[in-house]
Structures are given as C-alpha cells and as structure tokens.
Amino acid sequence: MRVKVLEDQSSFVNYAASRIAQIAIATLEVNPTFSLVLTGGSTPGPIYERLAHPNFANAIDWQRVHIFFGDERCVPPDHPDSNFGMAHDTLLQHVPIPDEQIHRLKGELNPQNAASEYESVVRAFLEQNPPGFDLTLLGMGDDGHAASLFPGTNAINEKERWVVAHHVKKLDAWRLTMSPPLLNRSENIMFVVSGSSKAAALHQVIEGDFQPMRYPAQIIRPDNQMLTWVVDSAAAEELTIETE
Ligand code: 6PG
C-alpha cells in the first residue's frame with residue numbers, strides 16, 4: 001500500500017489525473033484493452049476534468065478503454081445525483097470512447113434487476129478480459145464508506161454476488177454497488193480523498209484496527225495488486241504512518 005500526500009487541491013487533482021493516465025498508457029502498451037472503474041461523489045469531478053484535458057487525454061487510446069462504475073444512485077442517468085451523469089459531463093463526453101464500451105449501472109431500473117444485469121455485464125467482460133479490472137477508482141466518505149458500502153450494511157460481507165442493490169438506512173435511499181470481491185478484483189486500486197472532514201476516518205481506515213463493518217473502506221484489500229491512497233494534506237492530517 002502507498003499513501004501519496006499532496007499539498008493542495010491543484011496538485012492533488014493533477015497527481016491523480018496523471019497517475020490514471022500513466023496506468024492507462026502502461027496497460028495499453030501490453031494489453032488490448034484498459035478497463036477503468038469510476039467512482040462518484042464530488043471529489044473525482046475535477047480529476048475527470050483534468051484527465052479530459054488534451055495534455056492527458058491525447059496520450060490515451062480511448063478506443064480501447066472500457067468504463068465501469070463502482071456504485072450508482074437509483075436515479076436516471078440525467079439526474080444531478082447520477083454518478084454516470086457526473087462522469088459523462090466531466091470526462092466521457094470529451095473523449096472518444098465508443099458508447100458500447102461505457103458500461104453504466106442503470107439507476108433508473110428496479111434496483112435488483114439493475115444489479116443482476118450489471119453483474120452479467122461484468123462477468124461477460126471479465127471472462128473475455130481476465131482476471132480483473134485494470135484500475136478501480138474509489139472515494140471515501142467521512143464515515144469511512146467506499147463505493148456504496150456503508151457502515152453496518154450486509155453488503156460489506158457479501159462473498160458471492162459481485163453487484164448488490166440495497167436500501168441504505170442512513171440515506172433512506174437505494175444504492176447499487178460493486179461488492180468487495182469485485183472491487184478487490186483489480187490490478188490497481190486508487191482511493192482519492194480530500195478535505196479535513198475525511199481526516200478522522202482516513203486515520204481509522206489506514207491505521208486503526210480492522211473493523212470493516214464500522215469503516216467499510218478497510219474491506220478494500222487487494223491480494224497482490226497495487227493499492228494507492230492519493231490524499232491531500234487536509235485529509236492526511238491525522239496520519240502518523242510514513243507517507244510519500
Ligand atoms: C457515491 C460514491 C461514494 C463517494 C464518497 C465520497 O456514489 O457517492 O461513489 O462512495 O466516493 O461518498 O464522496 P465525496 O467525494 O463527495 O466526498
């Protein structure tokens with residue numbers, strides 16, 4: 001695990017975008033495709049915008065990129081809360097990815113149907129492109145949630161299903177989320193976390209006892225693959241471990 005701390009918002013955004021681009025370029029040198037799982041929330045928007053800038057975007061062969069989503073809100077794609085909508089507006093509409101390679105979670109469907117349909121889509125893709133995604137991006141909430149794995153929810157312990165639809169009590173809303181076995185099935189996992197409201201949870205997730213029901217982001221533990229935390233100095237203020 002690496003923890004990279006950036007001084008301010010601009011260097012945080014720039015670093016995250018350049019790491020995504022580097023991993024994409026390096027993967028496409030050796031693989032026919034690059035699969036990227038996007039995260040939602042407010043943190044990634046500026047990172048996606050930076051990635052869409054010609055300085056980064058021109059270096060990536062988008063025709064070979066496949067996009068997935070780690071979680072989704074149960075709203076239509078053009079709703080302001082849609083993770084797909086945010087990614088579309090900030091990144092996807094600006095780069096030449098073939099539409100059929102953008103695999104979104106369908107928040108407008110019945111949640112259980114949307115989850116099982118997405119699981120089939122992912123299984124078919126990974127059968128052709130084993131063993132897992134090339135890069136999974138994740139954010140973290142100030143309660144330590146990642147994707148839509150919220151504290152105290154059964155989805156954190158899911159072992160069989162790859163995509164889960166569940167009602168999250170604290171939000172009083174349905175969410176669609178990849179489960180831990182799928183989120184961990186990725187060559188690279190990169191958390192992007194910024195702001196002082198995340199500092200206490202980040203400290204617990206990285207340095208505290210293993211309690212994933214309380215701090216779900218702890219369940220993200222790939223076996224041999226690379227896990228990187230890209231954080232700004234405000235989010236890192238309670239960390240005591242050695243960071244880069
Ligand atoms: C979502 C997410 C979620 C998000 C965190 C952090 O759909 O909301 O994918 O896991 O990454 O809530 O969100 P912020 O970046 O807004 O703090």
Taking all non-hydrogen atoms of both residues, which atom of Val164 and which atom of Ser179 are closest, and how far apart?
CG2-CB, 4.3 Å
If we ignore angles and hydrogens, is there a donor and acceptor under 3.5 Å between the side chains of Thr27 and Asp134?
no
Hey, does the side chain of Asn184 reach the backbone of Arg221 with a donor-acceptor pair shorter than 3.5 angstrom?
yes
Taking all atoms of both residues into account, what is the closest heavy-atom pair of Thr136 and Ser186, and its distance?
OG1-OG, 3.0 Å
Could you tell me the separation between the OH atom of Tyr118 and the CG atom of Leu105, rounded to the nearest 0.5 Å?
4.5 Å
More than 12 foreign heavy atoms under 6.0 Å from CZ of Arg64: is that the case here?
yes
Looking just at side-chain N and O atoms, do Asn14 and Ser11 make a donor-acceptor pair shorter than 3.5 Å?
no
Please enumerate all residues that pass salt bridge (charged side-chain N to carboxylate O under 4.0 Å, His left out) together with Asp142, with sequence neighbours excluded.
none
Non-hydrogen side-chain atoms of Leu227 and Phe191 separated by less than 4.5 Å:
yes
If you round to the nearest 0.5 Å, how far is CD1 of Ile47 from CD1 of Ile20?
6.0 Å
Leu51 and Ile60, any side-chain heavy atoms less than 4.5 Å apart:
yes
Transitive ILVMFWY side-chain link Ile25 to Phe34, under 4.5 Å:
yes
Say whether Phe69 and Val168 are linked into one hydrophobic cluster, either directly or through other cluster members, by side-chain heavy-atom distances under 4.5 angstrom.
no
Is the positively charged end of Lys4 above the ring of Tyr15, judged by distance under 6.0 angstrom from the centroid and angle within 45° of the axis?
yes
Is it the case that the side chain of Asp143 and the backbone of Phe150 share a donor-acceptor pair, with hydrogens and angles ignored and the cut-off at 3.5 Å?
no
Donor-acceptor contact below 3.5 Å, side chain Thr39 vs main chain Leu138
no
Would you indicate whether the side-chain heavy atoms of Val192 and Met190 approach each other to under 4.5 Å?
yes
Point-to-point distance, once rounded to the nearest 0.5 Å, from CG of Asn129 to OG1 of Thr33
4.0 Å
Would Val122 and Arg185 satisfy side chain to side chain contact (heavy atoms under 4.5 Å, CB included), going step by step from the backbone distance to the final call?
CA-CA 11 Å; Val122 170; Arg185 190 179 276 254; over 6 Å; no
salt_bridge(Arg123, Glu119) N-O dist < 4.0 Å:
yes
Same apolar cluster (I L V M F W Y, side chains within < 4.5 Å links), Val75/Val163:
no
Consider only side-chain heavy atoms of I, L, V, M, F, W and Y, link residues closer than 4.5 Å, and tell whether Val205 and Met213 are in one cluster.
yes
In terms of heavy-atom contacts, Ser148 and His166 come closest through O-NE2, 2.9 Å
What pairs of residues pass the side-chain hydrogen bond (donor to acceptor under 3.5 Å, both in side chains) test when at least one of them lies in residues 94-106, not counting sequence neighbours?
His66-His103, Arg104-Glu108, Lys106-Glu117
In Å, rounded to the nearest 0.5 Å, how long is the span from CG of Leu109 to CG of Leu176?
8.5 Å
Under 4.5 Å between any side-chain heavy atoms of Met86 and Tyr48, yes or no?
yes
Heavy-atom pair of closest approach, residues Leu149 and Thr153
C-OG1, 4.3 Å
Any side-chain heavy-atom pair of Ile189 and Leu183 under 4.5 Å
no
For the student: nearest non-hydrogen atoms of Ala147 and Gly70, plus distance:
CB-O, 4.0 Å
Between the side chains of Asn58 and His53, does any donor sit under 3.5 Å from an acceptor?
no
How long is the gap from CG on Asp172 to NZ on Lys170, to the nearest 0.5 Å?
13.0 Å
Ignoring hydrogens and geometry, is there a side-chain-to-backbone donor-acceptor pair from Glu238 to Leu202 under 3.5 Å?
no
Taking every non-hydrogen atom, the tightest pair across Asp81 and Arg73:
O-NH1, 2.9 Å
Under the 3.5 angstrom rule, does the side chain of Glu237 hit a backbone N or O of Ala199 as a donor-acceptor pair?
no
If you define the side chain from C-beta out and look only at heavy atoms, does anything of Glu7 sit under 4.5 Å from Ser233?
yes
Distance from Thr228 atom OG1 to Arg19 atom CZ, nearest 0.5 Å?
6.0 Å
So, the side chain of Gln218 versus the backbone of Asp209: is there a donor-acceptor pair under 3.5 Å, distance only?
yes
Hey, is the main chain of Arg161 close enough, under 3.5 Å, to the side chain of Glu158 for a donor-acceptor pair?
yes
